[in-house]
There are 2 protein chains.
Amino acid sequence: MLSAKMEDYLKAIYELQRESDEPVATSRIADLLDVTAPTATSMMESLAERGLVEREKYKGVRLTPEGETVALEVVRHHRLLETYLTEELGYDWAEVHDEADRLEHHISEEFERRVAEMLDDPAVDPHGDPIPTDALDPVDETAGTTLVEATEGDRLVVQRVSDRDPEELAYLDEAGIVPGTELVVEEVAPIGVVSVALADGEGTVSIPDAVARTIFVDATDGSTGSATEAA
Amino acid sequence: MLSAKMEDYLKAIYELQRESDEPVATSRIADLLDVTAPTATSMMESLAERGLVEREKYKGVRLTPEGETVALEVVRHHRLLETYLTEELGYDWAEVHDEADRLEHHISEEFERRVAEMLDDPAVDPHGDPIPTDALDPVDETAGTTLVEATEGDRLVVQRVSDRDPEELAYLDEAGIVPGTELVVEEVAPIGVVSVALADGEGTVSIPDAVARTIFVDATDGSTGSATEAA
DNA sequence: CTTAAGCATTAGATTCGTCTAATCCCACTC
DNA sequence: GAGTGGGATTAGACGAATCTAATGCTTAAG
Ligand SMILES: [Mn+2]
Ligand SMILES: [Mn+2]
Ligand SMILES: [Mn+2]
Ligand SMILES: [Mn+2]
């Protein structure tokens, strides 16, 4: 019923929407999907006509409940596929995003069901992203804080990292920073870099803000707790 | 580079081409893909322009070597996927065709490689269809004879059945007729039905010509050998 | 209150895959 | 060697998704 393209736009809006409460601007969508602004505008008109987004001209769009359901379905496919490719087909977690990004639009509900079953209904994907349930209930995508918001001395556990950039993922993997890794914040330098020590004694890693912003962390027991406050 | 649609047309031509040496008629392609004749004509023009088919107006088309390579790649994807879905995801062999028919256009070469490896480079899919090798060497799709060409008393082994019709597959499965099944031809009725007895004593099955034409068989040792002669 | 910069939208065009309606070939029948 | 029936092609149009170029809002600065 919906084209793969429309699904892509809805997923993009879903992802942008979790960055703030503002309506999502046309240009952000165009950027993310690598199309021109007029293209995004005209797609927003179609989506609005179908009741999948609410649109205020010159302001931006927001997913309607129906639009969010479609987005959640696509996101569920994406994250289940990433998990499946990693667990069952031996993909590296850095490689799975593009494959999942194509297949997410073409698998059947039957395929989704069987994969979920084989993986025993996983709650998170290899990057720590939460997998929407079969019922497509809204998911809290903003749980936790990001590493840029941490302060020196914080003891943290990595919860999730962005799955977008394979190079970044490969680097983090190499450095030993994956969901579940415990680390201590050594320095938050004012020039835009955060240095963390791996809790298992594997050394120190310096992470630029742009990357730190995509790493979600939780305080471990015994922390100051500052990591749970917003910046 | 090539659209999924173009791949579909090339695969369709590949499949029709193995039914005879004649060029493939536009109307056959249109029928198979469920489009109108002008649509098929115009796609044939595009494919000819790209050097993927050789076209003689009002006669039909034939795959060029390049076109055949593309078709073989798609067919390899299709049959590997069918095998994978059956072996690893627990699909029934009657259900896999449609899923494979969509995914075949969207998996990466990496996915293909990993699936082939996991399955240990299978030579045939669940329906007995030969899987083209990684090198995409031409495959003999017409090996063996079909059940309509059999004569009474022939002892045969089922080699392959068409994967197109899930109902037919479910029926044959139910009846115990799968690749590897041994059977004896009891009667070839002039009204267009073939009756066969299952060699393992599981009774007799009557198969209409239309279906028998899609079941490929080989003679077992001790047969009259007539099944290996063309009709 | 005015203006200009910076987004966003409108206008108009293109490509792909598809359709219906009209026309055209070709091969077979007489 | 016509004539005709049936399949194939041409003609013309359309929706989806995209682009470039032109125009239009909004807003923040003055
Ligand atoms: Mn996608
Ligand atoms: Mn992910
Ligand atoms: Mn297909
Ligand atoms: Mn098959």
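Labels below follow one simple rule: chain letters A, B, ... track the order of the sequence lines, proteins then strands, and each chain is numbered from 1.
Residues meeting the side chain to side chain donor-acceptor pair (under 3.5 Å) test with B:S3, sequence neighbours left out: none. A search for side-chain contact (heavy atoms from CB on, under 4.5 Å) contacts involving B:R113 returns B:E110, B:E117, not counting sequence neighbours. For the side-chain contact (heavy atoms from CB on, under 4.5 Å) test, residues two or more places apart in sequence or in another chain that qualify with B:D137 are B:T133, B:A135. Under the ring pair (Phe, Tyr, Trp, His ring centres under 6.0 Å) criterion, B:H77 pairs with no residue, sequence neighbours left out. Annotation: side chain to side chain donor-acceptor pair (under 3.5 Å) contacts of A:R55 (sequence neighbours excluded): none. A:E95 meets the salt bridge (Lys or Arg N to Asp or Glu O under 4.0 Å) test with B:R114; sequence neighbours excluded. Among residues two or more places apart in sequence or in another chain, the salt bridge (Lys or Arg N to Asp or Glu O under 4.0 Å) test is passed with B:R50 by none.
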### Query
Using a cut-off of 4.0 Å between protein heavy atoms and nucleotide atoms, how would you tag nucleotides 16-29 of chain D 5' to 3' with B, S and -?
-SBBBB---S-S--

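The stretch residues 17-32 of chain A does not touch DNA chain D, since none of its heavy atoms comes less than 4.0 Å from the strand.
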### Query
Using Watson-Crick and G-U wobble pairs whose two distances are both under 3.5 Å, how do you write the pairing of DNA chain D as dot-bracket, with | for links to another strand?
||||||||||||||||||||||||||||||

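Rounded to an integer number of Å, the gap from B:L10 CG to C:dG17 P is 11 Å. The CZ-C1' distance, from A:R55 to C:dT9, rounds to 8 Å in whole Å. Separating the CE atom of A:M44 from the C1' atom of C:dT10 is a distance of 17 Å, rounded to the nearest angstrom. If you measure from atom CD of B:E56 to atom P of C:dC25, you get 15 Å, rounded to the nearest angstrom.
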Distances for protein N/O vs nucleotides 1-6 of chain D N/O pairs under 3.5 angstrom?
none

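Other residues, nucleotides and ligands contribute only 12 or fewer heavy atoms inside 6.0 Å of the CG atom of B:D21. Within 6.0 Å of the CD atom in B:E109, the count of heavy atoms belonging to other residues, nucleotides or ligands exceeds 12.
The aromatic ring centres of A:H97 and A:H78 sit less than 6.0 Å apart.
Classification of B:R18 and B:E15 as a salt-bridged pair fails, no side-chain N sitting under 4.0 Å from a carboxylate O. A salt bridge does not link A:R160 with A:D125: none of the charged nitrogens is closer than 4.0 Å to a carboxylate oxygen.
A salt bridge (charged side-chain N to carboxylate O under 4.0 Å, His left out) check over residues 75-89 of chain A, counting only residues at least two apart or in different chains, returns the pairs A:R76-A:E112, A:R79-A:E141.
Within 4.0 Å of B:E45, counting heavy atoms only, lie sugar-phosphate atoms of the nucleic acid but no base atom.
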